[in-house]
Every structure is written in C-alpha cells, then in structure tokens.
Amino acid sequence: MRGQPSWSASSVANLLLLPLAASLERAVTDSAELLLAAGVVLAIAYGLARTRIGIFQWPLLGASLLALGMGTALGGWAWHEKRPRDVRGSSTEEFSTVLRTDTAPQKKQRQGKKALAARLVEEQWPTYGYDQQRTHLAPGWKRLRPPYHGLWQLKARADIEFPPSVAYGKVYVAQQKGRFFVLNARTGKIVWTKHFDHCSAASPTIRDGIVYQGYMHELPCRKHETGAAGFVVALNARNGKEYWRVRAGSVESSPLLVRHTLYFGPWDHHLYAYRIRGKRRPLLKWTFNADDQIVAAPALAGRLLVIATSNGSVYGIDRKTGRQRWHATSFSRFGSREYFYATPTVAYGRVFIGNADGTVYAFGASSGHLLWAHQVGTYVYTAAAVWRKTVFVGTWDGNFVALDARTGEPRWRFDAPASITGAPTVLAGLVYFSTCGRCGAGGLRRVKIGPRGTWALNARNGDPVWHFHDGKYSALVADGFRVYISGRNKVYALIPELRWKAILRARLADCRQLRRAKARRRCLSKARRGTSSGKHGSRRAGRTSKRRNR
C-alpha cells in the first residue's frame, strides 16, 4: 500500500461519501486536500478569465477564497489531531531496575543427562510472551544463536497467527481454522491432533499437564462479528483428552494462569477469572466489565492484572477481587481513541503497550499514570519485548524501533522491508521479528508492503545478523535446545549449525559401524538430509539511522 496521495479520484469519492465515511480522520484529510486543490484551480481560473466574465468574476473569486479558507481550516484541524504527542519520561518515576519485580528468578538451564530428562517434564515456553508478564524475553539460552540448520517443518494448512507453546518435549500449535497440533519437539512427528469448528488466534497456556486454549466464533473466520460466541477448553497435554470447556464471547486473547486462577478476555467486554480445579470444571470467581472488546491477552503486574481494550483503555485490576485499581487511555484523535490490539508488557515496574495510533505508551504498573509516550509509526500492533532496559516494537510502516524503557527516547531504528504485526522475541542478545507481507493493506494510513520473512538483529545496536525466508506474525519461541519459527502456515524447528554438525558427526559414526553396505548407505543418506535454514545478514543492509548518542 502506498502512502496517502495528495488528491485524486479516491479523494473525490471520499468527499461524496462523507456521511458514510468509516474514518473521520480520512474524511477530514481528503476533504482538506480536495478543497485546497479546488481553491487553487478556481484562483487560477479567476486570474486567467476575470477580464472576460464580467460580474461573474466576483462569485468565482469568492468561491476560490472560500475553498482555500475551508481547506486550510480542515487541514489545520487534521494536522493538530494527527501531530505526534511525544511525552518524555522520567528515568526514576515508578521505575525499577529489576526486570520482573513480582516473580522468582529463572532457574539455570540444566546440562547433560539432567537436561535431557528435564525437558520431558518442564514447561520451557508455557504461554504467549514466555512468562506471565509477557516480556517476550527468553531465559539465558546463550548457545541458541545463528546460523541455524533446519530439522523439520509442520504444514499447518492455515495461518498461524499466534506462536506455539513448548512443554514436556512437545510443541503445541493452534492454527487459525480450528486445528490443534502437538508435535514431538525433536522429530517433528505429530503426537496427537484435534479439530474444533471454531477459529483461533491465541497461543495455548500449559501447566501441570493441562493445555488451556481459547477459541473464537465458528468457522468461517469473520472479523469481530457482534455477539459471536467462543470458549476456553482444557486438554490433557499428553493425549488431547478434553477435560472441560467454559463458554464466553469470542476468545481472542491467550489465557493467563496465575497459581490456581485462569484469566481471559473475550469480545463480550468482560474479563473472566476462573478457579482451576485440575480435571474438574472450574468455578467462576468474578468478572470485570470493560468499556469495549478485549482482544489482547492479560498480563500480570504483581497483585494486579493489566488488560487493554478496543476503546483505547488500559485497566489495572485486582486479580483476587476483580476490582478496578486504575484506568488509563490512549490519546484522543478526532473525538475518539484508537484501539489496543497489542498485549501489555509488564517490566521494570511499568506497563509498555503500543496502540493503533502508532504510539508506544508507558504507564506506571501500580498507578496507571502516563510516564512517557513516543510515536514510532503509523500503526503498532506488536506487543513489546524488553531486554536490558530497552523496549522493542515494530510498526505497519516497516519501522522496528528500540526505545529507552526509562524515558521513551529512541536508541536505534531498523528499516524492515514490510509491515510488522507480531511481537518480537529477544534471545541470546538478538531480537527476532517477522515481516507480514501485505498485512494492513486496507489501512487508512501508510502501510509498507513487501516480502515476508524473519529477521534477527543485534539487540544492542540494530545491526542485522540473520534472515530466514518465512514468517508472518510472531517470530520465534525456543526451548533451550531448538528454536521454532512460525511462518504463514508452517512451523520450522531449527538448531544452531555447530550443534547440527556435532549431531551429524555422531550419526555418521554410528552409520559407519553397520556391517551391511546397503544399510550403511541408506543410513548415511538419511543422516545427511537437512533443510534450508536462512542466511547471514549484511551488517549494513537495512539500517536507516545510527545509534543516537545521549
């Protein structure tokens, strides 16, 4: 999609359909452009023909001045409403130097035989964003760095809008058209699968051998149908047996499990809290009524839950009682606020969240006070990833930006080849994100159209390090042994090239010990088989600005 043109047939059409305009912003902008253009044309006509049209020159002049005046007024209003409203923040107000202030430190990764046994019982990436605070920050898996070698891939036969979760040596994948896959993380073989006749746009949450998955309205998938019904289902993580399901509005948010309470928010404007009782049907503890649809997942902020709505609101809610503790909003434009699609990220005692108005906001996690705001692009749909007091987000016009978590000031910017819709992931000093291709092509503001793919940048300075040929929404999850990339409708398992070479040497050694020549050749052929795993990125390609010195 191109940026907005100056004035054209589309502007004329929008002006004629002003009563039906879907966006006041677009209507005002196009009206201002058309009136200014008409005023200029009439002024030129007046200058060329005023001596030949007699008394008609005065109405022509009046119409020209009126069009110019109205166009200028509307243009000034549009500029005033669309202007960046950056708020520079304090580096100390409601800022903690600790990343996760309400959780225990992460356990160190086990090594050797202990690690091999632990992966069968541990929940390595149990929910959307990795943790309850949705930081999108992987633990200290320092050996998971490119270049990678492909191990296996799953063809999911539909878009994978939200990333899989990883637990017990398995990968749990929910694709958009109701199919749920569970794969052996090492081999990629399907362990079990189920099919629901509802759409899905959420990651599963896994704990204590149970998978919790949210589903939206019935197939076919439609956009925000009023009154649509969905549910959250609990499945046995080992064999897929259904334990129970609770019905609600269309559930697009990934469930949040805190101790023995499950939280999720559907399109029916409510946040639900259910007390989990294992295999037995859960009990409803409380509901909270928000001001609009909840499409983003809730996040944990100590004793509070943080949710965002399609009305541009962010709430801090007591997770035990369901009472509102604070309420914050995005900036108002043309008399209304744009929606939050991104999931809140809680870190350093603050809530970081991007809005469809192109602004990243930082609110105090305990008070809800606006601490800083910075406009980074035309639309922000990505949840934020955090690392070393830096916030990472992408935009629909192809900007990938690193912001100072204390003040909101930009640290570096990367010019991506297409729009960015899914959340980034930080792993081993690299930040991964995917470009979406044509996502947002119907937007009212500029959207960058280009190739799909997955990128890895140096999280310190934005230099490109690695590129993979597929991607669309959220970029990457991991389990300490492998990384898993979600393409448009495929999931890829990759391991570092050095580890692959070590595995290959061991396999070849085992094959050479076979006595029968035919079996030895077959074994050697199978051992050398592999898939494409991306390529190194140029250290210069794609940079649009150098790191700012502060």
Side-chain angles (χ1 to χ4, degrees), residues 94 96 99-104 126-136 162 202-207 212-214 232 246 248-249 251-276 282-330 339-355 361-371 383-384 386 423:
E94 292 192 63
S96 170
L99 174 68
R100 302 179 181 95
T101 58
D102 49 6
T103 188
T127 190
Y128 175 68
Y130 174 70
D131 51 24
Q132 297 168 329
Q133 297 78 24
R134 316 292 191 185
T135 61
H136 302 270
F162 271 67
S203 296
T205 294
I206 307 168
R207 198 176 74 186
Y212 305 93
Q213 178 65 43
V232 171
V246 291
V251 181
E252 191 173 355
S253 66
S254 301
L256 173 67
L257 185 58
V258 183
R259 295 185 179 177
H260 299 291
T261 305
L262 186 72
Y263 306 93
F264 61 90
W267 295 355
D268 63 8
H269 301 197
H270 290 86
L271 177 69
Y272 293 89
Y274 277 90
R275 185 163 68 87
I276 297 301
L283 299 177
L284 181 63
K285 293 178 62 176
W286 52 259
T287 61
F288 174 80
N289 189 20
D291 60 2
D292 208 332
Q293 293 179 341
I294 303 172
V295 299
L300 178 65
R303 296 180 179 180
L304 302 182
L305 299 173
V306 181
I307 63 169
T309 74
S310 295
N311 193 42
S313 291
V314 183
Y315 293 93
I317 303 166
D318 189 300
R319 63 182 176 88
K320 293 186 177 181
T321 65
R323 294 180 180 178
Q324 176 182 315
R325 295 305 182 191
W326 54 261
H327 176 213
T329 63
S330 60
Y339 54 92
F340 285 108
Y341 182 82
T343 292
T345 298
V346 180
Y348 306 115
R350 296 180 173 184
V351 177
F352 305 102
I353 185 169
N355 187 269
Y361 297 85
F363 301 102
S366 58
S367 68
H369 295 159
L370 178 63
L371 302 178
V386 292

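Side-chain atoms are counted along with the backbone in the values below, which use heavy atoms only and exclude waters and symmetry mates.
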Exercise for the section: Would you sort out whether R134 and T127 count as a side chain to side chain donor-acceptor pair (under 3.5 Å), showing the intermediate values? Expected result: CA-CA 9 Å; R134 316 292 191 185; T127 190; 3.0 Å; yes

Applying side chain to side chain contact (heavy atoms under 4.5 Å, CB included), run through V295 and Y339 and close with a yes or a no. CA-CA 10 Å; V295 299; Y339 54 92; over 6 Å; no

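T345 approaches A384 most closely through the heavy-atom pair OG1-O, 2.7 Å. In terms of heavy-atom proximity, G302 sits nearest to R319 at O-NE, 3.1 Å. For the pair H136 and A423, the tightest heavy-atom approach, listed with the atom from each and the gap, is CE1-CB, 3.5 Å. Nearest heavy-atom pair, P298 versus S254, reported as atom, atom and distance to 0.1 Å: CD-O, 3.8 Å. Between A299 and P344, the shortest heavy-atom contact is CB-O, 3.6 Å. Considering every non-hydrogen atom in both P266 and Y272, the closest pair reads CG-CE1, 3.5 Å.
With values rounded to the nearest 0.5 angstrom, L262 atom CG is found 13.0 Å from R275 atom CZ. Taken to the nearest 0.5 Å, the CG atom of D268 stands 11.5 Å off from the CG atom of D292. Taken from OH in Y341 to CG in N355, the straight-line distance is 14.0 Å, to the nearest 0.5 Å. Taking CD1 of I294 as the start and NE2 of H269 as the end, the distance is 8.5 Å to the nearest 0.5 Å. In this structure, the separation between NZ on K285 and OG1 on T321 is 9.5 Å, given to the nearest 0.5 Å. Here the straight-line distance linking atom CD1 of I353 with atom CD1 of I307 works out to 10.0 Å at 0.5 Å rounding.
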Name every donor-acceptor pair, under 3.5 Å, that has one atom in a side chain of residues 322-330 and the other anywhere in the protein, sequence neighbours excluded.
from : atom 1 : to   : atom 2 : distance (Å)
R325 : NH2    : D318 : OD2    : 3.1
W326 : NE1    : A365 : O      : 3.1
H327 : NE2    : S313 : OG     : 2.9

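Between Y348 and F352, the ring planes lie perpendicular to each other; the angle is over 60°, past the 30° to 60° tilted range. F162 and Y128 have tilted rings, their planes meeting at an angle from 30° to 60° on a 0 to 90° scale. Using a 30° and 60° split on the angle between ring planes, W286 and Y263 fall in the tilted class, from 30° to 60°.
With respect to L256, the side chain to side chain contact (heavy atoms under 4.5 Å, CB included) criterion is satisfied by exactly one of T205, L305, L271, T343: L305.
Y274 is not listed as a side-chain neighbour of Y212, based on a closest heavy-atom distance of 4.5 Å or more.
Within the structure, the ring-ring contact (aromatic ring centres under 6.0 Å, His included) test picks out the following pairs touching residues 287-308 (sequence neighbours left out): F288-Y315.
Side-chain contact, R100 with T135: a donor N or O sits under 3.5 Å from an acceptor N or O.
Under a 3.5 Å cut-off, the side chain of E252 and the backbone N or O of G214 do not form any donor-acceptor pair. In this structure, Q132 contributes its side chain and L257 its backbone to a donor-acceptor pair below 3.5 Å. No donor-acceptor pair closer than 3.5 Å links the side chain of T261 to the backbone N or O of A273. Here the side chain of S253 pairs a donor or acceptor atom with the backbone of G265 at under 3.5 angstrom.
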